[in-house]
Amino acid sequence: MGDLWSPDNVKYMLEKGDELLVNYGKKVKVGETFLNVYTEGEGDITVVFMSGGGVTAPVLEYKCLYSRMSHKYRIAIVEKAGYGLSDSAKTERTVENLVEESRKALLLAGIKPPYVLAPHSYSGFEAVWWANNYPEEIKAILGVDMGFPDMAIAQEKEFPKEKRMKALENQKKLFSVIAKKGLIAKLLKNKTVNTTGMMTGNALTDEEKELYSELFYKNLCNDEYSQESLLTTENAQKAMEKGKPCCPCCFFISDMKSFTKNTTWREEGIRYAKECSGEYHLTDKGHMFYSVIPQETADTFLKFLEKLPLTAKNM
C-alpha cells in the first residue's frame with residue numbers, strides 16, 4: 001500500500017471504508033450505526049466539541065481550536081451519523097436522537113461525564129436539550145456561535161419549511177455537481193471545500209488537508225444534512241421548551257447575517273446570553289471565526305473554565 005498518507009492511499013481507504021489513521025478516532029456501534037469518536041488530551045473534565053450542520057469532517061474542522069485547549073482538558077468529538085468517518089444514519093435526525101446517540105457513543109468510547117459542551121451552529125439546539133435533560137452531566141457550555149433556539153423560531157417566520165425544502169433541493173443539485181470535482185468545484189473552491197481556509201491555512205498538515213478534501217467531497221451530499229435542516233424548527237422548539245441552560249455559559253457571538261427583519265443574529269445571541277446569565281464575547285470574523293482567531297477563542301474559553309469549580313474534588 002505504500003505511504004499511509006499518500007493521496008492514492010487516502011482515496012483507496014476512503015473507497016474501501018478502512019480506518020485512515022490508528023489514532024483518528026474509535027468506531028463504536030450505537031444502535032445500527034458505527035460512529036467515530038476522537039479524543040486527545042487528558043483531564044477529569046472532557047470538552048465535547050459538537051459540529052455545526054453539514055460540517056463534513058468535524059475532527060479536522062475544529063482542530064485549530066481544540067488543539068489549543070487539549071493541554072488543559074481532554075477533548076472529544078463525536079462525528080454524528082453522516083459526518084466525518086461515521087456511518088449513515090438509521091434514525092430520524094431529531095434532537096433527541098442526536099443527543100442520545102452522542103451520549104451513548106461517548107460512553108462506549110470510555111468517556112464518562114462530566115462534560116463541557118462546545119457546540120457550533122446547529123448543535124446549539126442539541127447542547128441546550130442535553131444540558132436541560134441531563135444537568136448532572138454538563139458542567140458548562142462554550143458556545144462557538146451556537147444556534148440559539150429562539151433565533152431559529154424567529155427565522156421560521158421569514159424562511160418557512162416550504163422555502164427551505166425548495167432551497168435544499170437546489171442546493172443538493174449544485175452539491176452533486178461539485179462532488180464530481182470538476183470545473184465547477186474548482187471555481188467554487190473558496191466557497192465550498194476552502195470556505196474556512198483549511199486548505200490554504202496552516203492549521204492542518206498536508207496529509208490532513210488531503211483527508212479533509214476527500215471527506216468533504218465524499219460526504220457533501222449526505223442526506224443527514226438536509227434532514228437536520230428540515231427539522232431545524234422542530235428541534236429548536238423542543239430545545240426552547242426545555243428552558244435556558246442552568247449551567248455556566250460562555251458564548252462567542254458573530255455578526256452572521258440572518259433572514260429575520262426585526263432582529264439580528266447578534267442581537268438574539270446577546271439577549272439569550274443575558275437570559276442565561278452567561279458571559280458573552282462579540283466577533284466580526286464571521287460564523288466560522290474559530291478558524292480566523294483560534295488562539296483568541298481558545299484563550300477566552302480557557303480563562304472562563306479556569307474560573308469554574310471543575311476540579312475532581314468539586315464534582
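Just so it is clear, the structure is predicted and the values come from calculations on it, not from any experiment. Below, all heavy atoms of this structure are taken into account, side chains as well, without hydrogens, waters or symmetry copies.
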Once the angle between the rings of [X] and [Y] is folded into 0 to 90°, is it parallel (under 30°), tilted (30 to 60°) or perpendicular (over 60°)?
X: F259; Y: F159; value: parallel
X: Y38; Y: Y66; value: tilted
X: Y62; Y: Y290; value: tilted

Compute whether any side-chain donor of one residue and acceptor of the other, for [X] and [Y], lie under 3.5 angstrom apart.
X: Y122; Y: N235; result: yes
X: E101; Y: T91; result: yes
X: R68; Y: S70; result: no

Partner residues of [X] under the side chain to side chain donor-acceptor pair (under 3.5 Å) criterion, sequence neighbours left out:
X: N190; result: N194
X: E224; result: none
X: T46; result: R74

**Prompt:** Do K285 and E296 meet the salt-bridge criterion of a basic N to acidic O distance under 4.0 Å?
**Reply:**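 Looking at E296 and K285, the cut-off is not met.
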**Request:** Flag the pair R164 and E156 as a salt bridge only when some basic side-chain nitrogen lies within less than 4.0 angstrom of an acidic carboxylate oxygen.
**Result:**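 Answer for the salt bridge query: yes.
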**Those residues that, when tested against Y134, pass side-chain contact (heavy atoms from CB on, under 4.5 Å) (two or more places apart)** =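 Checked Y134 against side-chain contact (heavy atoms from CB on, under 4.5 Å); matches are E100, R103, W129, W130, E136, E137.
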**Message:** Just to verify, what does L188 make a side-chain contact (heavy atoms from CB on, under 4.5 Å) with, not counting sequence neighbours?
**Reply:**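 Once residues adjacent in sequence are excluded, the partners of L188 under the side-chain contact (heavy atoms from CB on, under 4.5 Å) criterion are L174, I178, I184, T192.
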**Message:** Tell me if the centroids of the rings in F252 and F301 come within less than 6.0 Å of each other.
**Reply:**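 Here the rings of F301 and F252 have centres that are less than 6.0 Å from each other.
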**Request:** If a pair satisfies salt bridge (Lys or Arg N to Asp or Glu O under 4.0 Å) and one of its residues is in residues 51-67, list it, with sequence neighbours excluded.
**Result:**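 For residues 51-67, and leaving out neighbouring residues, the salt bridge (Lys or Arg N to Asp or Glu O under 4.0 Å) pairs sorted by first residue read K63-E208.
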**Message:** On a heavy-atom basis, which atom in Y115 and which in L106 lie closest, and how many Å separate them?
**Reply:**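 The pair with the smallest heavy-atom distance is OH-CB, 3.6 Å.
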**Item:** Minimum-distance pair of heavy atoms, taken over all atoms of R266 and D284
**Value:**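 Looking at all heavy atoms of both residues, the closest pair is NH2-N, 4.0 Å.
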